[in-house]
Structure formats: structure tokens, C-alpha cells
Amino acid sequence: MRRIIAALTFAGLIGGGVAAVGATDAGLNAQDRLFLRSAHQGHLAEISGARIARQRSTTTSVRDLAARWIADHTALDLRLSQAAVALDVVLPAAPDAAQEAVEARYRAAAVAEFDELWVSTQITAHHRASALVEAELRAGSSAAVKTLARELRPVVAAHHRLLAAAAPAAGVVVPAEENAPPPGAVRTAIPTPRSAPPPGWRVTESPGTPGWTRPSADTTGATLSPIPIPGGPGPSLTVGAGG
């Protein structure tokens, strides 16, 4: 009997909380809806990819990360889904096409290549999640959705640190922090981009464009190509092969 009462009480608390969100925070803008849908798809992709990692990885470190991913993203997605119901936002039923393509790569990868693939793609996914969070906090209008973004932010940051720590053993070369410079780079006086250029590259900046510079004796004759800052908005970085 006590279990039944407790279950009903818990359901009532959830239902009351969802109803309160719907009653007090119905004014969504396009960014709020984008965040809810994209973050939900990200959670689904993270959970699915982590389940594959639990089955296919041969290392304890990656399997442990995958177990944490499942726990963290399941809890976050439960809260997001409850808020979406209250805010009358229909969520996608599955990850997007690009996320499903990554999942297919997980399933097809050779065992010896799996950890490197999983860690590297997870780093990319968490960069995108971070950009999505920052976009919501800048441009969202719903207090409830912004709260979800604030809850997601430290989880993404913690996951990124764990991935950076696991990267060397998996054969992935990545800065220790999201905005850390590559070896030999020096920090510019303006803010850093969301991801650093690879080692051996220099950044040519337009006025006001964030970036890293790498000292080089010869900065002429380089072939230039754009590297976008993940999550934008803003100009791309233009980099050339430096000495």
C-alpha cells in the first residue's frame, strides 16, 4: 500500500510540475523549439551509441564512459521530454540522419578501430551539444527550456573532459580542453574559437575573428581553406599550412 501511495505521489509531483511549466511558460520561440528537438535527438543518439560501445568496445575505460553516457543522457532526456509535453512540442522519434549514419559506422567498424572511432565522434558530438546549449542561452525565450540547457551544460563539459582523458589510449589526438591551443600555438588577444586548428597550422584572422596563431618563419605561399567554428554563428577561420 505504501508503494502505491508513493507511486501516486511521485506521479502527481511530475504531473503538477509539467502542468505548471505549461501554464507559466508557454511563450516559446524558434530557438527553444530547435533546442528541445535537437537536444532530444542528441540524447537518443548518445544513448544508442553508448549501448553499442558497451557491446563492442574491448576496453574497460570506453565501456565505463558508455555506461555513464546512458545514465546521464537518459536522465536528461526524461526531464526534456516531460517539459516538451507541457510546452506542446512534438519531439522527433529518432536521431537525425547524420547521427544514424554515425551509429551505422559504429556497428560496421572493425573491433580494433572501434574505440578510436567512438571517442573521436563523441568529441565532435559534444562540441555540437555545447554549441546548441550556448545558442539556447543566448537566443531562447523560454525560462523552462533555458533551465534544461543550463542542466545540460555541465554534463557536456564533464563528458568532454572524460573523452579528452580517454583519447590518448584510444589513439585520438585532441586538445585537453575544448578551447585549448594546439602544440606550439600562442593565444591571440581575442576570444578563442570553439575548436582549435590541428597541430602545424596557423590561423589567419579577419578583424574580430577569434582564433589561434602559430609562429612561423615562412607565412607566404600557403594554400588557404576555411575551417568553420562549430555551432556558429560568425565567420570561419582561415588557416594555411605553416612551417
Query - Ala170 versus Glu116, closest heavy-atom pair with distance - result: O-CB, 3.1 Å
**Report entry** Pairing residues for His40 by the ring pair (Phe, Tyr, Trp, His ring centres under 6.0 Å) criterion, not counting sequence neighbours
**Finding:** none
Identify each donor-acceptor pair in which a side-chain atom of residues 83-90 lies under 3.5 Å from a protein atom, sequence neighbours left out, and give them as a table.
none

Query raised in the report: Honestly curious: do Tyr106 and Val172 fall in one hydrophobic cluster under the side-chain, below-4.5 Å linking rule?
Result: yes
Requested in this report: Side-chain contact test, heavy atoms from C-beta onward, threshold under 4.5 Å: evaluate it for Leu65 versus Gln122 and give yes or no.
Outcome: no
Query - Straight-line distance of Glu100 CD to Leu44 CG, nearest 0.5 Å - result: 10.0 Å
Query raised in the report: Out of curiosity, Leu76 CG to Leu148 CG, how far, rounded to the nearest 0.5 Å?
Result: 8.5 Å
Query raised in the report: Once you round to the nearest 0.5 Å, how far does OG1 of Thr58 lie from CZ of Arg56?
Result: 10.0 Å
Query raised in the report: If you measure from CD on Gln31 to CG on Leu36, what distance do you get to the nearest 0.5 Å?
Result: 9.5 Å
Query raised in the report: Can you tell me how far the CZ atom of Arg79 sits from the CG atom of Leu152, to the nearest 0.5 Å?
Result: 12.0 Å
Report summary line: Taking every heavy atom of Ala66 against every heavy atom of Trp118, the minimum-distance pair comes out as N-CH2, 4.2 Å
Query - Check: Val133 main-chain N/O paired with Arg153 side-chain donor or acceptor under 3.5 Å - result: no
Query - Heavy-atom side-chain contact between Ile52 and Phe114 under 4.5 Å - result: yes
Requested in this report: Verify the cluster assignment for Ile47 and Val102: are they in a single hydrophobic cluster under the rule of side-chain heavy atoms below 4.5 Å apart?
Outcome: no
Query raised in the report: Hey, does Glu136 have a side-chain heavy atom less than 4.5 Å from the side chain of Leu132?
Result: no
**Report entry** Over all atoms of both residues, closest heavy-atom pair of Leu117 and Ala109
**Finding:** CD2-CB, 3.8 Å
**Report entry** Crowding at CZ, Arg37 (>12 non-hydrogen neighbours, <6.0 Å)
**Finding:** yes
**Report entry** Arg54 side chain to Arg63 backbone, donor-acceptor under 3.5 Å
**Finding:** yes
Query raised in the report: With distance as the sole test, does Ser130 use its side chain to make a donor-acceptor pair with the main-chain N or O of His126 at under 3.5 Å?
Result: no
Query - Set of salt bridge (charged side-chain N to carboxylate O under 4.0 Å, His left out) partners for Arg68, sequence neighbours left out - result: Asp72
Query raised in the report: Do Leu137 and Phe35 have side-chain heavy atoms sitting under 4.5 Å apart?
Result: no
Requested in this report: Return yes if some donor-acceptor pair links the side-chain N/O of Asp32 with the main-chain N/O of Ser141 below 3.5 Å, else return no.
Outcome: yes
Query raised in the report: Does Glu46 reach the main-chain N or O of Ile70 with its side chain, forming a donor-acceptor pair under 3.5 Å?
Result: no
Report task. Take the angle between the ring planes of Trp69 and His159 and call it parallel below 30°, perpendicular above 60°, tilted in between. Result -> parallel
**Report entry** Interatomic distance, Leu163 atom CG to Arg161 atom CZ [nearest 0.5 angstrom]
**Finding:** 11.0 Å
Query raised in the report: Cluster question for you: counting only ILVMFWY and a side-chain heavy-atom cut-off of under 4.5 Å, with indirect links fine, are Leu80 and Val155 together?
Result: yes
